[in-house]
2 protein chains.
Amino acid sequence: MSLESVPPKYAQLVQALQRRIESGDYPPGSMLPSENQLINEFGVSRPTVVAALRVLREQGWIESQQGKGRFVRGRPVTASVEQSRPGQAHLTSPETSSDGEVTEVAALVAPERIATLLDIAPKSKAFLRRRLISRDGGPAEIVSAWVPLELTEGTDLTSADLLTEGLGEHLRSRKGVRFDHIVQQITARMPTADEAKRLGMPKNTPLLAVYGAVRDASGQALAVVEVLLPADRHELEDVYPIG
Amino acid sequence: MSLESVPPKYAQLVQALQRRIESGDYPPGSMLPSENQLINEFGVSRPTVVAALRVLREQGWIESQQGKGRFVRGRPVTASVEQSRPGQAHLTSPETSSDGEVTEVAALVAPERIATLLDIAPKSKAFLRRRLISRDGGPAEIVSAWVPLELTEGTDLTSADLLTEGLGEHLRSRKGVRFDHIVQQITARMPTADEAKRLGMPKNTPLLAVYGAVRDASGQALAVVEVLLPADRHELEDVYPIG
DNA sequence: CCCAACAGGTTGTTTTACCAAGCTAGAGCG
DNA sequence: CGCTCTAGCTTGGTAAAACAACCTGTTGGG
């Protein structure tokens with residue numbers, strides 16, 4: 001009875017082949033050993049080899065041509081897409097994990113865009129939790145979380161203290177709602193005088209504004225996160241495959 | 001000898017189950033029939049059923065819990081991410097498929113950001129192909145494609161005529177290079193006087209600038225696409241799952 | 001010489017079979 | 001009554017075998 005569970009054989013094969021590709025043993029463009037060669041070398045059956053190669057193909061490490069063989073593409077780049085999703089980190093990680101101060105905690109009339117994304121009536125109230133995030137010793141971004149009033153009852157969101165768990169985890173444990181997907185909008189506008197002052201930015205440079213509407217699996221709006229970034233100091237970057 | 005090829009059985013099963021989920025026959029949250037039930041109903045073997053269910057799980061239609069069963073999540077929302085990839089369409093579809101005019105076709109000194117993304121020396125020349133795209137009867141966006149000089153030899157890129165095939169297809173057939181992935185940067189800045197005039201936009205509203213650096217599988221830069229959108233009339237929107 | 005047919009390699013799909021791991025409900029015992 | 005444990009369900013993983021589809025180089029015959 002071993003307490004440490006061993007990964008399945010096909011997953012071990014995936015890792016072994018990934019290591020060989022990264023080490024240059026199987027350079028990009030070269031042909032991978034055939035299924036029969038891998039069966040003999042690793043002492044596993046064909047379905048196991050095929051399962052491992054399927055995973056590698058779906059992850060973008062290799063491509064296959066029926067009748068010819070499988071060819072190395074290299075380490076896939078799909079992993080870094082999260083970088084252009086600024087709202088996501090603020091939803092899942094606790095507020096204590098980033099350097100910043102809570103600037104506003106109140107129930108306010110939601111701006112038109114927020115009301116639309118939250119699926120509430122125009123000019124009606126929603127709960128705002130706004131923070132000024134600092135990086136490298138200076139103010140870097142303004143992050144605002146808007147939550148429908150009925151979702152804030154019985155939660156710690158109305159406290160000015162920093163949340164020790166992520167917003168998603170907090171709402172899930174207290175209110176039983178589950179974050180499923182985000183509808184993200186990116187736009188740009190000029191900062192207000194107050195925003196420019198808080199962020200310490202010149203008044204003639206624009207703001208990048210990222211809106212993330214969080215929904216559950218049925219499409220019900222649960223929260224909206226607004227991230228404001230001075231365009232002269234921050235950009236959004238991500239990598240994705242073509243096809 | 002049938003000219004029309006039939007899709008594999010597991011793919012047919014995938015489509016059948018997708019239809020049942022979309023029609024509400026298998027509502028979100030409900031449990032899918034067990035493997036044995038599907039085997040009996042569709043008259044296929046277990047690996048075939050498992051292969052279909054694996055595809056559905058990887059695409060986000062269902063989730064599975066060992067020992068309990070598989071549960072419906074609903075139609076996944078990952079399909080619409082392409083909307084926030086403005087550069088991609090301009091790379092794959094022919095210029096004749098969008099309404100617009102070619103405004104510049106020349107070899108110019110590349111701006112600093114373009115030179116960096118193309119991996120060429122600062123202040124060196126690259127080939128520029130710039131178009132003003134119109135939508136709904138007015139100017140909508142400026143699309144600029146920068147290509148290294150050596151990749152333009154023997155191509156039709158230097159012609160002021162509209163390309164009848166996508167830039168990717170053109171470079172692949174003429175130069176043997178293959179587009180693999182895109183490194184995308186999103187930022188905002190104020191328009192130049194010329195840009196504001198061409199786009200018919202107020203001078204005090206910012207521009208959304210999307211830079212897409214196209215690379216092959218080895219990371220070699222092949223082209224850079226710059227898309228300029230007036231922020232008061234266009235935004236970027238995409239949908240992605242959490243987790 | 002050229003081209004067609006073939007042989008032997010490759011990956012893709014499907015089947016049958018068996019064991020392991022996890023969950024649930026009910027039987028049975030204290 | 002309450003608890004434990006087991007029987008029977010579920011999904012997850014592995015093995016062995018066969019056929020189909022596709023590519024390539026060779027071996028022929030024309």
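In what follows, chains carry the letters A, B, and so on, assigned in the order in which the sequence lines appear, proteins first and then strands, with residues in each chain numbered from 1.
Residue A:Arg54 is out of contact with every strand shown, counting any heavy-atom pair closer than 4.0 Å.
A salt bridge links B:Glu235 to A:Arg113: at least one charged side-chain nitrogen sits closer than 4.0 Å to a carboxylate oxygen. With salt bridges taken as basic N to acidic carboxylate O contacts below 4.0 Å, none links A:Asp25 and A:Arg19. A salt bridge links A:Glu95 to A:Arg129: at least one charged side-chain nitrogen sits closer than 4.0 Å to a carboxylate oxygen. Salt bridge status for B:Glu63 with B:Arg70: absent, with no side-chain N to carboxylate O gap under 4.0 Å. Of the charged side-chain nitrogens involved, at least one lies within less than 4.0 Å of a carboxylate oxygen, so that A:Arg135 and A:Glu141 count as a salt-bridged pair.
A donor-acceptor contact shorter than 3.5 Å is absent between the side chain of A:Asn36 and the backbone of A:Ile39.
Within residues 29-48 of chain A, the residues having any heavy atom under 4.0 Å from DNA chain D are, by residue number, A:Val44, A:Ser45, A:Arg46, A:Pro47, A:Thr48.
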Contacts under 3.5 angstrom, residues 11-18 of chain A side chains, donor-acceptor by atom type, not counting sequence neighbours:
residue, atom, partner, partner atom, Å
A:Gln12, NE2, A:Pro7, O, 2.8
A:Gln18, NE2, A:Gln59, OE1, 3.4

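A pairwise comparison of heavy atoms in B:Ala110 and B:Ala115 identifies CB-N, 4.2 Å as the closest pair.
Both A:Gly67 and A:Lys9 sit near DNA chain D, but only A:Lys9 has its closest nucleotide nearer the 5' end.
Legend: salt bridge (charged side-chain N to carboxylate O under 4.0 Å, His left out) pairs involving residues 6-15 of chain A, not counting sequence neighbours: none detected. Here salt bridge (charged side-chain N to carboxylate O under 4.0 Å, His left out) pairs that include residues 38-62 of chain B, with residues two or more places apart or in two chains, are A:Arg54-B:Glu58, A:Glu58-B:Arg54, B:Arg20-B:Glu41, B:Glu35-B:Arg46, B:Arg54-B:Glu58.
With a cutoff of under 4.0 Å to any heavy atom of chain A, the contacted region of DNA chain D is bounded 5' to 3' by D:dG13 to D:dT24. A 4.0 Å heavy-atom criterion places the boundary nucleotides of DNA chain C facing chain A at C:dG9 to C:dT13, written 5' to 3'.
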